[in-house]
Structure formats: C-alpha cells, structure tokens
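Note: hydrogens, waters and symmetry copies are ignored here, and every other heavy atom, side chains too, is used.
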Amino acid sequence: MSEQTTLESLLEMGFERNRAERAVASTGNQGIGEAMDWLVEHENDPEMDEPYVPPEGNILGEKAVSQPPREEPTLAETAEGTADDSEQNVKRPMTEEEKLEQVKRLEELMRVKQAERRQREREEELEREKQRRKQGQELQQIRQKLQESDMKKLAEDRRREKMEDKLARQRVKEKIARDREERAQKFRGGEPSSTAASSQPAQPSLSSPSSHGPPPTKKEYDESRIQVRLLDGSTISTVFKAREPLAAVRVYVKMNSSMPEGQDFTLLSPYPRHVYTELDMEKPLKDLGLVPSAALVVAKK
C-alpha cells in the first residue's frame with residue numbers, strides 16, 4: 001500500500017508516470033522523500049521520459065529477497081496474522097488537506113534540492129574559472145621568461161660579435177704597423193727603427209709618398225653572417241654576400257620560416273633599434289652597416 005501511495009502522490013504532484021514509476025523502483029520504495037531526491041538528481045537523464053519496464057520478478061522497485069523456508073503456522077498464529085492483515089488493509093485514505101500539505105512539503109523539498117544543486121554547480125564553475133586563470137598566468141609567465149631569455153641571448157650574441165670585430169680590427173692594425181716597420185727598416189738599410197729614431201731627429205719628408213709606405217687600408221669584407229629571430233622566438237642564420245640587398249634576407253626568411261602564407265612583416269635591428277623601410281630593402285648589406293655580421297628581428301607590420 002505504501003508503494004501505491006508513493007506512486008499516487010508523485011502522480012498527483014504532476015510527475016509523468018514514467019518518471020514516477022522509475023523513481024519508486026530505483027529507490028526500492030523507501031518513501032516519498034527518497035523518490036523526490038532521486039527525481040531531483042536525475043531529472044536531466046536522457047532515459048527519464050522513456051517507458052519504464054521493470055526488471056523480471058521486480059515490480060516498481062520491489063526487491064526480490066529469498067525467503068527461508070518457514071514452518072506451517074499454527075491455528076493461533078494464522079488467526080493473529082489474519083487480524084493484522086485486516087487492520088493493515090483497512091487504511092484511512094488521505095484527505096484533501098493532507099494531500100495538499102504533503103504536496104507543499106514535497107515542492108519545498110524539491111526547491112531546496114534544486115537550490116543546493118545550483119549552488120554546488122556555481123561553486124564548481126568558480127573553481128574551474130580559478131584554475132583557468134591560474135593556468136593562463138603560469139603560461140604568460142613562461143612566455144615572458146622565454147622572451148627575456150631570447151632577448152638576452154640575442155644581446156649576448158651581438159656583444160660577442162662586436163668583440164670579435166674589435167679583435168679582428170686590432171689584429172689588422174697590428175699587422176699594418178708591422179708592415180710599416182719592415183718597410184721603414186728596408187728603406188734605411190736594415191737599421192733598427194729604434195736606433196734610427198734616436199740618432200736622427202724626426203724631419204718632415206717632402207719626398208714621394210712611396211718612401212713612407214702605403215696608407216693604412218680598411219679591410220673589405222665580402223660576406224656577412226646574418227642571424228634572424230622569427231616571430232615564434234626561434235632563430236635562423238646564413239651567410240650573404242656583402243653586396244646583396246636586404247631584400248635577399250627577407251626572401252630567405254619567407255622560405256625558411258613557418259609564417260602563414262601572405263603574412264606581411266618587416267626587419268629591424270634591436271641594438272640600436274632601427275626599422276628598415278621598403279627603400280632599405282634595395283640597399284646592399286654593406287651600405288646598411290650589416291657587414292661582417294648582424295642580428296635582425298622579424299616584426300609584424
């Protein structure tokens with residue numbers, strides 16, 4: 001009787017029969033409260049509106065429990081059991097006021113359950129949003145560190161190249177000085193330049209310039225090593241002829257990078273910062289001061 005009362009109460013509240021029968025069967029006919037809890041938790045299940053077919057041997061959640069063999073009841077026990085069954089079968093039906101009160105309690109219970117579920121979903125969404133923001137901040141920090149590392153590496157490469165150029169120029173100057181000294185010794189008949197300088201005062205010479213040797217010449221570089229940092233932070237490098245235009249570097253970047261087709265970009269020098277224009281693209285690397293080596297950066301237009 002309690003099972004039918006629970007089912008009837010759910011039907012009176014406006015639940016469809018499929019949902020009501022499924023709730024009673026799934027809760028094992030534990031009562032209207034348990035059935036309501038189950039309906040609130042499973043109201044969005046896709047199979048809720050499908051016709052409910054109870055398992056074989058189980059009607060509306062009635063559990064099949066194996067009963068141990070019982071002895072035949074005595075006449076007194078049979079009479080007592082019959083009286084108990086008669087009392088249970090004679091159950092007073094619920095009045096309209098009681099039904100309305102029960103419906104109100106169940107509706108209030110449903111509202112409470114739904115509010116608790118919405119609160120739980122909001123808290124879970126807030127937690128997920130916190131995790132997303134945290135991951136975004138960590139990713140931004142990693143990108144910033146990588147960018148700073150790339151800039152430091154580029155600056156270090158630039159300083160090393162400048163030092164190498166300075167040492168190369170120093171070696172050229174020393175070689176020119178030695179050549180001058182050797183030519184001066186030959187001109188004076190092999191006497192050491194220090195002895196000649198101490199025995200004779202320095203006099204301005206009006207003779208031909210060939211007596212003093214050729215003037216110092218600046219070393220001409222035929223090639224230039226160009227290193228380019230791409231938009232994704234990676235670098236590529238190769239050697240160009242000193243007379244090649246800057247446009248050759250631009251073509252090399254297009255052919256050896258993963259930039260999308262049609263991506264427009266320009267080249268710039270970071271130290272000191274200088275953005276190269278379309279007119280600069282036609283100028284040789286030598287005229288732009290990019291010989292014997294240089295570091296460039298790709299930038300979006």
Side-chain angles (χ1 to χ4, degrees), residues 36-48 108-166 224-240 246-281 285 288-301:
M36 286 293 298
D37 292 343
W38 190 91
L39 284 170
V40 171
E41 294 177 0
H42 299 82
E43 63 176 341
N44 296 322
D45 291 357
E47 69 276 2
M48 285 294 291
E108 180 65 23
L109 176 62
M110 178 176 288
R111 284 194 294 270
V112 171
K113 293 294 183 181
Q114 290 176 346
E116 291 177 353
R117 186 188 62 184
R118 287 194 294 269
Q119 179 66 22
R120 184 170 61 253
E121 291 175 351
R122 283 196 296 269
E123 293 176 355
E124 293 174 354
E125 182 62 27
L126 288 175
E127 184 63 26
R128 287 193 294 268
E129 182 63 25
K130 289 180 181 179
Q131 292 296 328
R132 282 195 296 269
R133 288 199 299 268
K134 182 179 179 182
Q135 293 175 359
Q137 292 174 356
E138 292 176 351
L139 183 59
Q140 183 65 24
Q141 292 175 358
I142 292 174
R143 289 177 178 173
Q144 185 176 359
K145 289 181 180 179
L146 290 176
Q147 186 176 5
E148 292 175 355
S149 177
D150 292 340
M151 295 300 293
K152 289 180 181 179
K153 183 179 179 182
L154 189 61
E156 184 64 28
D157 293 341
R158 185 62 176 170
R159 285 194 294 269
R160 185 175 64 254
E161 291 172 358
K162 288 183 177 180
M163 181 61 67
E164 292 176 355
D165 293 343
K166 182 177 180 180
S224 175
R225 174 170 290 278
I226 303 296
Q227 178 178 336
V228 183
R229 184 165 65 87
L230 304 177
L231 294 174
D232 59 0
S234 60
T235 58
I236 56 176
S237 62
T238 189
V239 177
F240 297 89
L246 184 60
V249 180
R250 184 185 178 93
V251 173
Y252 173 76
V253 171
K254 286 184 177 180
M255 297 177 62
N256 294 271
S257 66
S258 59
M259 286 189 296
E261 188 70 21
Q263 174 71 53
D264 196 9
F265 65 93
T266 185
L267 299 173
L268 60 88
S269 294
Y271 304 106
R273 182 178 176 84
H274 175 73
V275 180
Y276 296 99
T277 64
E278 293 297 331
L279 296 177
D280 294 331
M281 294 297 165
L285 299 177
L288 294 173
L290 301 178
V291 176
S293 63
L296 303 178
V297 178
V298 174
K300 292 182 180 180
K301 279 192 174 182

* Under the side chain to side chain contact (heavy atoms under 4.5 Å, CB included) rule, what do K113 and L39 come out as? Steps first, then yes or no, please. => CA-CA 10 Å; K113 293 294 183 181; L39 284 170; over 6 Å; no
* Asked: Is there a side chain to side chain contact (heavy atoms under 4.5 Å, CB included) between E116 and Q119 once you walk through the steps?
  -> CA-CA 5 Å; E116 291 177 353; Q119 179 66 22; 5.7 Å; no
* Go through D37 and R117 one step at a time and tell me if the salt bridge (Lys or Arg N to Asp or Glu O under 4.0 Å) criterion holds. => CA-CA 11 Å; D37 292 343; R117 186 188 62 184; over 6 Å; no
* Asked: Yes or no on salt bridge (Lys or Arg N to Asp or Glu O under 4.0 Å) for R118 and E121, after CA distance, side-chain angles and deciding distance?
  -> CA-CA 5 Å; R118 287 194 294 269; E121 291 175 351; over 6 Å; no
* Go through the steps to decide whether M259 and L231 satisfy the test side chain to side chain contact (heavy atoms under 4.5 Å, CB included), and finish with yes or no. => CA-CA 8 Å; M259 286 189 296; L231 294 174; 3.6 Å; yes
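Contact detail for E161 and A294: the closest heavy-atom pair is OE1-N, 4.1 Å. What you find for Y271 and A155 is that their closest heavy atoms are CE1-CB, 3.9 Å.
For the pair L290 and V249, the minimum side-chain heavy-atom distance is 4.5 Å or more. Between N256 and T238 there is no side-chain heavy-atom pair separated by less than 4.5 Å. Between Q263 and K300, some side-chain heavy-atom pair lies under the 4.5 Å cut-off. A 4.5 Å side-chain heavy-atom check between L285 and L246 finds at least one atom pair inside the cut-off. Side chains of L267 and V298 form a contact here, defined as non-hydrogen atoms less than 4.5 Å apart. Contact annotation: the side chain of L296 never approaches that of V253 to less than 4.5 Å [non-hydrogen atoms, C-beta and beyond].
Remark: the Q140 side chain and the Q144 side chain contain no N/O donor-acceptor pair separated by less than 3.5 Å.
Looking at residues two or more places apart in sequence or on another chain, you find no side chain to side chain donor-acceptor pair (under 3.5 Å) involving Y252.
Interatomic distance, NZ of K254 versus CZ of F265, reported as 5.5 Å (0.5 Å rounding). How far CD of Q227 is from OG of S237: 5.5 Å, rounded to the nearest 0.5 Å. Atom-to-atom distance recorded for E278:CD and T266:OG1 is 7.0 Å, nearest 0.5 angstrom. The structure places CG of D157 at 12.5 Å from NZ of K162, a figure rounded to the nearest 0.5 Å. Here L268 contributes atom CG and D280 contributes atom CG; the two are 12.0 Å apart, rounded to the nearest 0.5 Å. Residue S257 holds its OG atom at 6.0 Å from CD1 of I236, rounded to the nearest 0.5 Å.
Salt-bridge check for E123 with R120: failed, with every basic side-chain N at 4.0 Å or more from each acidic carboxylate O. Residues R132 and E125 are paired through a salt bridge, judged by an N-O separation under 4.0 Å between the basic side chain and the carboxylate. The pair D150-R143 does not count as a salt bridge, with every side-chain nitrogen at least 4.0 angstrom from each carboxylate oxygen.
Ring planes of H274 and Y276: perpendicular class, angle over 60° (limits at 30 and 60°).
Partner E156 forms a salt bridge (charged side-chain N to carboxylate O under 4.0 Å, His left out) with one of R159, K153, R160 and no other, that one being R159.
In K145, the NZ atom is not crowded: 12 or fewer heavy atoms of neighbouring residues, nucleotides or ligands sit closer than 6.0 Å.
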